Amino acid sequence: MNLELDDVALFLRIRALGTLSAAARERNWPVSQVSRALVRLEAACGARLLHRSTHGLSLTDEGDTFAQYAQRLLDTRDELALDLSGKHNAPSGWVRVGVSPLLAQMVLAPSLNGLYALHPQLRIDIVADDRMADMAREGIDIAIRTGSPNSEALVARQIGDYSRSLYAAPAYLARRGTPQHPAELAQHHLITSSNPALNRWPLRSDHASRPGTELEAQGHTRTDNSAVMLSLVQHGVGIGRLMDLLALPLVARGELVPVLAHAFAMARVPIFAVMLQERHRLPKIRACIDYWAQWLARMVSQPGAVTSAPGAPP
């Protein structure tokens with residue numbers, strides 16, 4: 001099998017972007033050149049890798065298998081270049097990141113100017129989805145998740161942690177008043193999660209009738225999406241339990257107000273960067289993870305200082 005690695009890399013970008021024209025625009029090539037490269041690759045493989053239809057592109061069974069091997073080929077090339085160079089290569093190339101829409105909006109988006117300033121040859125492909133992605137099948141380089149993985153094929157590094165507290169918009173509190181005791185929440189509009197486990201709000205021992213007591217939140221509005229919950233709280237719909245990591249910068253800007261901070265426990269939940277076993281040594285992967293670990297630490301220590309402005313990384 002006589003493969004050209006540039007054609008292999010192009011195939012993976014076609015799969016990620018979904019169309020030949022998008023891959024052509026990314027490379028500033030005519031679509032015909034991308035199409036010829038794909039035909040050349042399929043001829044080398046002796047198999048059709050993509051279904052083409054008026055609805056777009058989809059992988060054939062052979063294409064799905066090839067995609068997994070293709071990523072390993074490119075990883076091996078990168079590791080070989082690193083070992084032969086005898087020094088730390090400048091991180092470069094595409095990094096595909098799987099992350100929830102809220103973390104993508106509130107953490108990754110404001111961090112990228114600094115990341116690009118530090119590593120100008122990096123390119124970030126953000127896959128914003130609340131579901132757990134199949135990293136190998138979908139070509140995810142880094143998945144940012146809460147909870148450690150249970151697969152030996154994956155490597156996890158903790159890059160931060162978070163807790164949850166109650167918040168409301170100033171407009172809501174001006175309209176409905178500020179509760180002074182957890183029992184008063186029954187008279188307020190609460191925004192709860194479609195996941196019942198997230199609606200059991202643990203009380204601090206000095207506000208509980210017995211150790212481990214929780215308040216079972218009864219929602220006036222409910223959602224299955226954390227980004228929507230944040231938006232609902234910001235718009236003054238009610239009081240919601242939000243990630244402090246994301247809410248505190250909004251508190252610093254006067255957009256949110258903590259509610260009953262003294263009454264509820266703040267258990268910390270780790271945030272992990274999860275990688276495939278064979279990819280975690282790559283310089284581009286390590287560079288992103290190191291940077292985001294620093295960024296998250298800064299968000300906790302200086303919540304009002306993190307912005308999307310260009311400049312030196314944290």
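As the structure is a computational prediction, the values presented were derived from the model and not from experiment. The figures that follow rest on heavy atoms only: side chains count, while hydrogens, waters and symmetry mates do not.
Ring orientation note: the planes of His188 and Tyr172 are tilted relative to one another, at an angle of 30° to 60°.
By the salt bridge (Lys or Arg N to Asp or Glu O under 4.0 Å) test, Arg157 pairs with Asp290, sequence neighbours left out. The side-chain hydrogen bond (donor to acceptor under 3.5 Å, both in side chains) search around Arg176 returns none, not counting sequence neighbours. Listed by chain and residue number, Val257 satisfy the side chain to side chain contact (heavy atoms under 4.5 Å, CB included) test with Pro170 (two or more places apart in sequence, or in another chain). Residues satisfying the side-chain hydrogen bond (donor to acceptor under 3.5 Å, both in side chains) criterion with Thr223, sequence neighbours excluded, are absent altogether. For Tyr167, the ring pair (Phe, Tyr, Trp, His ring centres under 6.0 Å) criterion is met by no residue, not counting sequence neighbours. Under the salt bridge (Lys or Arg N to Asp or Glu O under 4.0 Å) criterion, Arg222 pairs with no residue, sequence neighbours left out. For Gln105, there are no side chain to side chain contact (heavy atoms under 4.5 Å, CB included) partners two or more places apart in sequence or in a different chain. Considering only residues two or more places apart in sequence or on other chains, His51 meets the side chain to side chain contact (heavy atoms under 4.5 Å, CB included) condition with Ser58, Thr60.
Salt bridge status for Arg52 with Glu42: present, with a side-chain N to carboxylate O gap under 4.0 Å.
Screening residues 255-266 for salt bridge (charged side-chain N to carboxylate O under 4.0 Å, His left out), with sequence neighbours left out, gives Arg253-Glu255. A ring pair (Phe, Tyr, Trp, His ring centres under 6.0 Å) check over residues 233-252, counting only residues at least two apart or in different chains, returns nothing.
No donor-acceptor pair under 3.5 Å is formed between the side chain of Gln158 and the backbone N or O of Ala156.
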Exercise answer: donor-acceptor pairs, residues 117-124 side-chain atoms, under 3.5 Å, sequence neighbours excluded:
residue: Arg123; atom: NH1; partner: Pro120; partner atom: O; Å: 2.9

Only distances under 3.5 Å count here; give the side-chain donor-acceptor pairs of residues 7-19 to other protein atoms, sequence neighbours excluded, each with its distance to 0.1 Å.
residue: Asp7; atom: OD1; partner: Arg40; partner atom: NH2; Å: 2.9
residue: Asp7; atom: OD2; partner: Arg40; partner atom: NE; Å: 2.7
residue: Asp7; atom: OD2; partner: Arg40; partner atom: NH2; Å: 3.3
residue: Arg13; atom: NE; partner: Glu26; partner atom: OE2; Å: 2.9
residue: Arg13; atom: NH1; partner: Asp125; partner atom: OD2; Å: 3.4
residue: Arg13; atom: NH2; partner: Glu26; partner atom: OE1; Å: 2.8
residue: Arg15; atom: NH1; partner: Arg137; partner atom: O; Å: 3.0
residue: Thr19; atom: OG1; partner: Ser21; partner atom: OG; Å: 3.3
residue: Thr19; atom: OG1; partner: Ala22; partner atom: N; Å: 3.0

